[in-house]
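Below is one structure, written out as structure tokens; the observations come after it.
Every chain is numbered from 1, with letters handed out A, B, ... down the list of sequences.
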Amino acid sequence: MRVNPVSGQVLAGPLEPVYVYEAPVRLWHWVMVVAMLFLMGTGYMIGRPPPSIGGEATFHYFFGYIRMIHFIAAMVFAVAFAVRVYWAFVGNHSSRAIFLPPVWNLSWWRGLFSQLGYYLFLKKESERWVGHNPLAQLAMFAMYTLGSLFIIITGLALYAEAWGWGTWPMNIMGWVFVVFGDPQMVRTLHRLTMWYLLLFAVIHVYMVFREDIMSGQSVVGTMISGIRTWKGAPRA
Amino acid sequence: MTETDTYYALMRRQGISRRSFLKFCSLTAASLGLGEAGAQQIAQAMQTKQRTPVIWLHGLECTCCTESFIRSAHPLAKDVVLSMISLDYDDTLMAAAGHQAEQSLEDTIKKYKGNYILAVEGNPPLADDGIYCIPGGRPFVDKLRHVAKDAKAIISWGSCASWGCVQAAKPNPTKATPVHKVITDKPIIKVPGCPPIAEVMTGVVTYMLTFDRLPDLDAQGRPKMFYSQRVHDKCYRRPHFDAGQFVEHFDDAGARMGYCLYKVGCKGPVTYNACSTVRWNEGTSFPIQSGHGCIGCSEDDFWDRGSFYDHLTTIRAPGLSGIEGTADQIGLVAVGVAGAAIAAHAAVSAIKQARSKTRNDRVSEVEK
């Protein structure tokens, strides 16, 4: 099987299963899924709290627990992201894909437009790709990678506020408020980024299932087993 | 009033006892977070050091800072610090008027060149050569530059001088500009708030006069001792926030029970100020205590951050007046549109595949 080393496009058969996603990448992916579910659920409630509960405040810590779950999931999210960045340095070809789309490569751009044409029903059949196709890669980078990085930075800054100016968390994160003007702005951007990541998640889930059914290569199963398998005849 | 006066001499002349003087020193030390030794330091400094002259200028503003300042809880802070300042120049509070007043300003600048502190209330509007604020017959921006040139340090009183406040709210027709964007070569200490708390103002002045230096400032130029924590962090209603007990409407049972005002738009969680600890009017109350959410008056651009009664900021689409939403509305629309697009795309995909399948079947039948 011949593969373009930069874009990952399968150029000629015979098609053989390829080990694409290494164990740390798969683990990171599913940790992210769980963390994001918790983060978006609790995060939405932090911005729009559920109806009040009755009784004495002394005996309740309901909203406190919502925030606690948010902070714990956020720490898991941030650490998983950091480990994933580390793995991009030591992992295989696919581990770098979402951090570094090869925008300098012409065949990558050709692949991107070919894939775009396929999704706009201008092309009948999809090319086959080891790892992400160029369009997916660009979406991952622009939406997931940049979005996550931004939400982690603004989130840590908002978290540091509990300690206040002049403490070590604020000494590390205080610059965020200087860059964006004031805490209210940072909150608004943090929340907008949540919606941005939800938008990504919705599109992502649709695309992986569609690809899995229609494109002639395994997608969902690949993030579980790590191995890409192929369906149908090789493309000419 | 001669140059050799100390603060202590000045206080004694105003009939303040030594006992009261020492009380003032310890109170100020406590409010500045200096501890026991700090009180002695302040007392020592006030008895031995010559007083530092202060010039207080008023630009585009409403004088609420001055109104707040003269209501400082501790009588000593009010009488002494105020008289120490107003003796030199303050358009609102000084005895002199007209040309005499302007003359005294020039005299003070000349006499204490490089040694006086410039306190600015309000800000200069820069549009049309500063024509929108003309004190003493010339644009305020010129006066500000003139006085700032020989000042040792500048205090930006209130949100006007610190950030711009209401006159700088969009679209800012007079181009009202905070002091630090006009004067860039002097140390500037921001004391934001609309107005700032009286005790915070006297505390900052006392610190500067006593120790002859600026207090520690945070990354945005505010004194850390008063602006390092949010109103929310020390709010007495915080337990209701953690418990999940919120006021839903201003007239509901929660409001009567003193629940957290977060859901009716309290900006305490995004506002750095000392309201919840120092409080106002001799520590009587503060907005949240009287049942209304914090509006975030000490934060940059608080006028342009949407409704005072909505916790989430209103975002205006650039160039499209009238189209606005909050982060949630924008997010919901985006996800909704994406969902609809996905459904359409999935439907088209399914139809196309079904069609190509029947065609393939027909082709294979023909081949047979």
Non-hydrogen atoms of chain A under 4.5 Å away: do they reach the side chain of Ala253(B), the backbone, both or neither? neither
Glu299(B)/Lys267(B) salt bridge by N-O under 4.0 Å criterion: no
Could you list which of residues 133-146 of chain A have a heavy atom closer than 4.5 Å to any heavy atom of chain B, in residue-number order? none
Counting heavy-atom pairs under 4.5 angstrom with chain A, the leader among Arg222(B), Gln229(B), Gln353(B), Met257(B) is Gln353(B)
Can you tell me which of His311(B), Arg305(B), Lys224(B) forms the most heavy-atom pairs within a distance under 4.5 Å of chain A? Arg305(B)
Show which side-chain atoms of residues 69-77 of chain A pair as donor or acceptor with protein atoms under 3.5 Å away, not counting sequence neighbours.
unit_1   : atom_1 : unit_2   : atom_2 : d
His70(A) : ND1    : Leu39(A) : O      : 3.3
His70(A) : ND1    : Thr42(A) : OG1    : 2.9
His70(A) : ND1    : Gly43(A) : N      : 3.4

With rounding to the nearest 0.5 Å, note down the distance linking SG in Cys260(B) to NE2 in His240(B). 9.0 Å
Side chain, backbone, both or neither: which part of Arg238(B) has a heavy atom under 4.5 Å from chain A? side chain
One should read off an interatomic distance between Lys190(B) NZ and Tyr227(B) OH, to the nearest 0.5 angstrom, of 11.5 Å
Side chain, backbone, both or neither: which part of Ile330(B) has a non-hydrogen atom closer than 4.5 Å to chain A? side chain
Does any heavy atom of chain A fall under 4.5 Å from the side chain of Val348(B), the backbone, both, or neither of them? both
Whether the Trp165(A) and Gln220(B) side chains hold a donor-acceptor pair (N or O, under 3.5 Å, no angle test) is what I'd like checked. no
Nearest-0.5 Å distance, CE of residue Met36(A) to CD1 of residue Ile151(A): 7.5 Å
With Cys266(B) as reference, evaluate Val231(B), Thr271(B), Ile288(B) under the side chain to side chain contact (heavy atoms under 4.5 Å, CB included) test and give the passing residue. Ile288(B)
For chain A, which of Pro269(B), Ala350(B), Gly296(B), Pro239(B) has the most heavy-atom pairs under 4.5 Å? Pro269(B)
Between chain A and each of Val337(B), Leu332(B), Asp233(B), count heavy-atom pairs under 4.5 Å; write down the option with the most. Leu332(B)
Give, as side chain, backbone, both or neither, the part of Asp301(B) having an atom under 4.5 angstrom from any heavy atom of chain A. neither
Atom group of Phe302(B) that falls short of 4.5 Å from chain A, counting heavy atoms: neither
Go through the side-chain N and O atoms of Glu127(A) and Tyr118(A) and say whether any donor and acceptor fall under 3.5 Å apart. no
Kindly say whether the aromatic ring centers of His232(B) and Phe241(B) come within a distance under 6.0 Å. yes
Which residues in residues 176-194 of chain A have any heavy atom closer than 4.5 Å to a heavy atom of chain B? Phe177(A), Val178(A), Gly181(A), Asp182(A), Pro183(A), Gln184(A), Met185(A), Arg187(A), Thr188(A), Arg191(A), Leu192(A)
Where the side chain of Arg228(A) meets the backbone of Ser218(A), is there a donor-acceptor pair that is under 3.5 Å apart? yes
Residues passing the side chain to side chain contact (heavy atoms under 4.5 Å, CB included) test with Met207(A), sequence neighbours excluded, are Tyr119(A), Ile203(A)
Between His292(B) and Phe250(B), is a ring pair (Phe, Tyr, Trp, His ring centres under 6.0 Å) present by the stated rule, with each step listed? CA-CA 8 Å; His292(B) 189 286; Phe250(B) 279 112; 5.8 Å; yes
State the CZ-NZ distance between Arg48(A) and Lys263(B), to the nearest 0.5 angstrom. 10.0 Å
Just give me the residue among Gly339(B), Ala219(B), Ala338(B) that pairs up with chain A most often, heavy atom to heavy atom, under 4.5 Å. Ala219(B)
Answer with side chain, backbone, both or neither: which region of Ile46(A) has an atom nearer than 4.5 Å to a non-hydrogen atom of chain B? both
Measure distances from Trp163(A) to the heavy atoms of chain B and classify the residue's part below 4.5 Å as side chain, backbone, both or neither. backbone
Does the side chain of Tyr262(B) come under 3.5 Å of the side chain of Arg237(B) through a donor N or O and an acceptor N or O? no
Atom NZ of Lys175(B): over 12 foreign heavy atoms under 6.0 Å: no
Compute whether any side-chain donor of one residue and acceptor of the other, for Thr229(A) and Gln217(A), lie under 3.5 angstrom apart. no
Between His345(B) and chain A, which part of the residue has a heavy atom less than 4.5 Å away: side chain, backbone, both or neither? both
